[in-house]
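Dropping a structure here in structure tokens format, bear with me for questions.
In what follows, every chain begins at residue 1, and chains take the letters A, B, ... in the order their sequences are listed. Worth saying up front: this structure is predicted, and the values here are computed from it rather than measured.
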Amino acid sequence: MSSHALHVRRWRIAIALTAGVAVVYFGFILLIAYRKEFMGSLVTNGLSVGILFGALVIVASWVLTWLYVLWANTHFDSELAALSGKSGSVSGGPR
Amino acid sequence: MMLQAAVATPAVAQAAAQVATQAPATAPTTAIGEPNAVAMTFFFAFIAITLGITYWAARKTRTTEQFFAAGRTVTAGQNGWALAGDYMSAASFLGIAGLVATSGFDGLIYSTGWLVGWPVVLFLIAEPLRNLGKYTFADVVAARLKQTPVRLAAAIGTLSTVTLYLIAQMVGAGTLIKLMFGLTYETAVVIVGAAMIMYVLFGGMIATTWVQIVKAGLLLSGAALLAILVLARFGMNPLALFAAAADQYGATVLAPGKLVSNPLDTISLGMALMFGTAGLPHILMRFYTVPDARAARKSVFYATGLIGSFYLMTFILGFGAMVLVGPQAIRAVDAGGNMAAPLLAEFLGGTPFLGFIAAVAFATILAVVAGLTLSGAAALSHDLWTSVIRGGHAREGEELKVARYASLGLGIVAILLGIVFKGQNVAFMVGLAFAIAASANFPALVLSIFWRRCTTAGAVASMLTGTIGTLLLIYLSPVIQMDILKEPSAWFTLRNPGIVTIPGSFLVGAIVSMMTRDEKALAAWDGAVHDMIVGKDETASS
């Protein structure tokens, strides 16, 4: 794979994951703005939907970050190693 | 109200002003505001340790690369902690805890908003930035484009962001420290400024990095200790704590409330928070301190974990302060609610714990202003002096000398601005800094990294639109027109311009790029993509 192809693949994954975070966060914000009563309803004693979703926004950020790092550490880095091996440069490759 | 400087947004300040009028006059018994021996001891210990670090770092700071990028020897783990220390300001700790304690759920909008920018930094910016640049984000935007116009426009964006952020931090520092240690406002500002100048001037990025690591450790352990002590009173069950809050103050504290009066404003603020993080010069600069893109990637992963854990703990601290201390007692000490966490510490662990938390708050501000000053100095010396004035060929050692003068100058300016803005409502300035970072710096970075057709004119137009557009709309907004100038109405109705300026900068950058041709930029695309993915050889850097 060329550095161009790798750049394009990284870009697609980056955009998809960024869209994921945006959907999660702005979904949360829109619910706060337009569904106040739903966000205030209780899941169980002491836990409103809003608080649960707020915590889940943080957890979702972690999960998406972890997914990207998982992909980059395995797929991206191995493609990069193959590419660097071909071009004779090792800078930026896995250590 | 001054203390709202610690909190990022004007909407918050306004709501706090509304609730403040209902606060009772009865002040609770508290040691806050009196000279506190424990606080002083912790504080001087922190200053002594960090100056020791600075002395050690100064001996290792001989080149420009060491001064701005710690010789690129910081590990991914260290950088993760340092990023957390660079990012989490007093607003996060005192501001959010206070907001939750006095308004309940609404404060959590900020807990989440300040985290969601980090995945964006990771996905779009961190690795290309590390591979293409040297010290500043302008390195990346200018990689394929004409140096002078891009560097000038980027420096305007950087210095606007840094100055606004610095004013908010310095005014917040003066007020907080006055409240917690009983020092005068001016003394507090001068102490913060002087310590920050020492770190940056002598120890550069190495000292700044370690000050930020120590601060992140103190802040996270302080917050964790507070959270555990709170939960211990509720059977280690957060839901029992939230239920107690609902029992005492009504179920509305668990639901969205009056801070979210204008949905469009909330979305606009959310956009600025989410994309602003990826455009903050002092955060971006930290990615140059690690050896390669892989380490940059891992460091964001650690930072996101640390910062997210911290914001989850703010849920506990805020509701803990609400139940155990009470909103009225908190507002009686400070109308903005910023003393919620210190009061909670005093309730749980007496004066010694209060002293510890007060010293942590001080350390928090110091680490942030040091990072800000260093990134401002990089824009002045690397972007303006070396690249624009010297055409990219500064004499050996010259860039470092200019960087030191710039750090000293910025430090003095920060102290002066802190004193000038005493008593002013600067609450909107952090929100404004995020809005400029999101509209001026972030779109230009994304366009130049991912779009082959991006031209010099396009990038410059995007950065200028972002900076000038944001400043103009803020000036026309209720924040300046109604809150400060006391006009009856404002031409632009939103308190945060992000929803207009972020898409606006992208659009202007794209349209101007499509209308202009930049042969040099097109020709350099293949090389830039290769450098972005594979990385440049670092041995050539000065």
*Is the closest side-chain heavy-atom distance between B:T304 and A:W66 below 4.5 Å?*
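Heavy-atom side-chain distance check fails, nothing below 4.5 Å.
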With under 30° as parallel and over 60° as perpendicular, where do the rings of B:F450 and A:H7 fit, or are they tilted in between?
->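 Answer is parallel, since the angle falls under 30°.
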Q. Would you say the side chain of B:F319 lies within less than 4.5 Å of the side chain of A:I51, judging by non-hydrogen atoms?
A.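 A side-chain contact exists here, since the closest heavy-atom pair is under 4.5 Å.
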Check: Can you say whether B:F105 sits under 4.5 Å from chain A via the side chain, the backbone, both, or neither, judging by heavy atoms?
Finding: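 B:F105 touches chain A through side-chain heavy atoms alone.
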My understanding is that only one of A:I13, A:L64, A:I15 makes a side chain to side chain contact (heavy atoms under 4.5 Å, CB included) with B:F123; could you say which?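 Looking at A:I13, A:L64, A:I15, the match for B:F123 under the side chain to side chain contact (heavy atoms under 4.5 Å, CB included) is A:L64.
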Review point. In terms of heavy-atom pairs under 4.5 Å with chain A, which of B:A255, B:A246, B:P128, B:G305 leads?
Key: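 Ranked by contacts with chain A, first place is B:G305.
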Under 4.5 Å from a heavy atom of chain B, the part of A:L31 involved: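 No part of it gets close to chain B.
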**OP:** Mind checking the OG1-CZ spacing from B:T266 to A:F26? Nearest 0.5 Å is all I need.
**Re:**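 These two atoms lie 11.0 Å from each other.
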Can you tell which of B:L124, B:I449, B:T252 has the highest number of heavy-atom pairs within less than 4.5 Å of chain A?
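Sorted descending by pairs with chain A, the first entry is B:L124.
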Item to check | Close side-chain approach of A:W62 and B:S309, heavy atoms under 4.5 Å | outcome: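 Yes. Closest side-chain heavy atoms under 4.5 Å.
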* chain B contact via A:S41 - side chain, backbone, both or neither, heavy atoms under 4.5 Å ->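 Answer is neither: A:S41 stays 4.5 Å or more from chain B.
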At a heavy-atom separation under 4.5 Å, does A:A22 approach chain B through its side chain, its backbone, both, or neither?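 Both the backbone and the side chain of A:A22 come within 4.5 Å of chain B.
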Quick one, B:L254 and A:M39 - any side-chain contact, counting heavy atoms below 4.5 Å?
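No, their side chains stay 4.5 Å or more apart.
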Quiz item: Would a 4.5 Å heavy-atom cut-off, applied to side chains only, mark A:L80 and B:I533 as touching?
Solution: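 A side-chain contact exists here, since the closest heavy-atom pair is under 4.5 Å.
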Indicate yes or no: at least one non-hydrogen side-chain atom of A:Y34 is less than 4.5 angstrom from one of B:P263.
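In short, these two side chains touch, coming nearer than 4.5 Å.
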Between B:D526 and chain A, with a heavy-atom cut-off of 4.5 Å, which part of the residue counts as in contact: side chain, backbone, both or neither?
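Contact with chain A is through both the backbone and side chain of B:D526.
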Within a strict 4.5 Å, meaning less than it, do heavy atoms of the B:E127 and A:R10 side chains meet?
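They are in side-chain contact.
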Partner chain B: residue of A:S48, A:G40, A:S3 with the largest heavy-atom pair count (under 4.5 Å):
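Of A:S48, A:G40, A:S3, A:S3 has the most heavy-atom pairs under 4.5 Å with chain B.
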Enter the distance from B:L312:CG to A:I58:CD1 here, rounded to the nearest 0.5 Å.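 Interatomic distance, B:L312 CG to A:I58 CD1, rounded to 0.5 Å: 4.0 Å.
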For a side-chain contact (heavy atoms from CB on, under 4.5 Å) check, start with the C-alpha distance between B:R297 and A:D77, then their side-chain angles and the critical distance, and finish with the verdict.
CA-CA 12 Å; B:R297 175 200 305 158; A:D77 282 354; 3.0 Å; yes
For the NE2 atom on A:H75, are there more than 12 heavy atoms of other groups (residues, nucleotides or ligands in this structure) within a distance under 6.0 Å?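 Incorrect, the count does not exceed 12.
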Side-chain touch B:V300/A:T65, heavy atoms, less than 4.5 angstrom: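 Counting from C-beta outward, B:V300 and A:T65 never come under 4.5 Å.
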message: Assess the residue pair A:N45 and B:L239 against the criterion (side-chain contact (heavy atoms from CB on, under 4.5 Å)); give the C-alpha distance rounded to whole Å, side-chain angles, the decisive distance to 0.1 Å, and a yes or no.
response: CA-CA 7 Å; A:N45 189 26; B:L239 300 190; over 6 Å; no
message: So for A:F38, is it side chain, backbone, both, or neither that comes closer than 4.5 Å to the heavy atoms of chain B?
response: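 Interface part for A:F38: neither.
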Note to self: Could you report the tightest heavy-atom contact between B:P119 and A:V21, atom names first, then the distance?
What the structure shows: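 Of all heavy-atom pairs spanning B:P119 and A:V21, the closest is CB-CG2, 3.7 Å.
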Verify side-chain contact (heavy atoms from CB on, under 4.5 Å) between B:T112 and A:I29, making sure each step is shown before the conclusion. CA-CA 10 Å; B:T112 53; A:I29 293 290; 5.6 Å; no
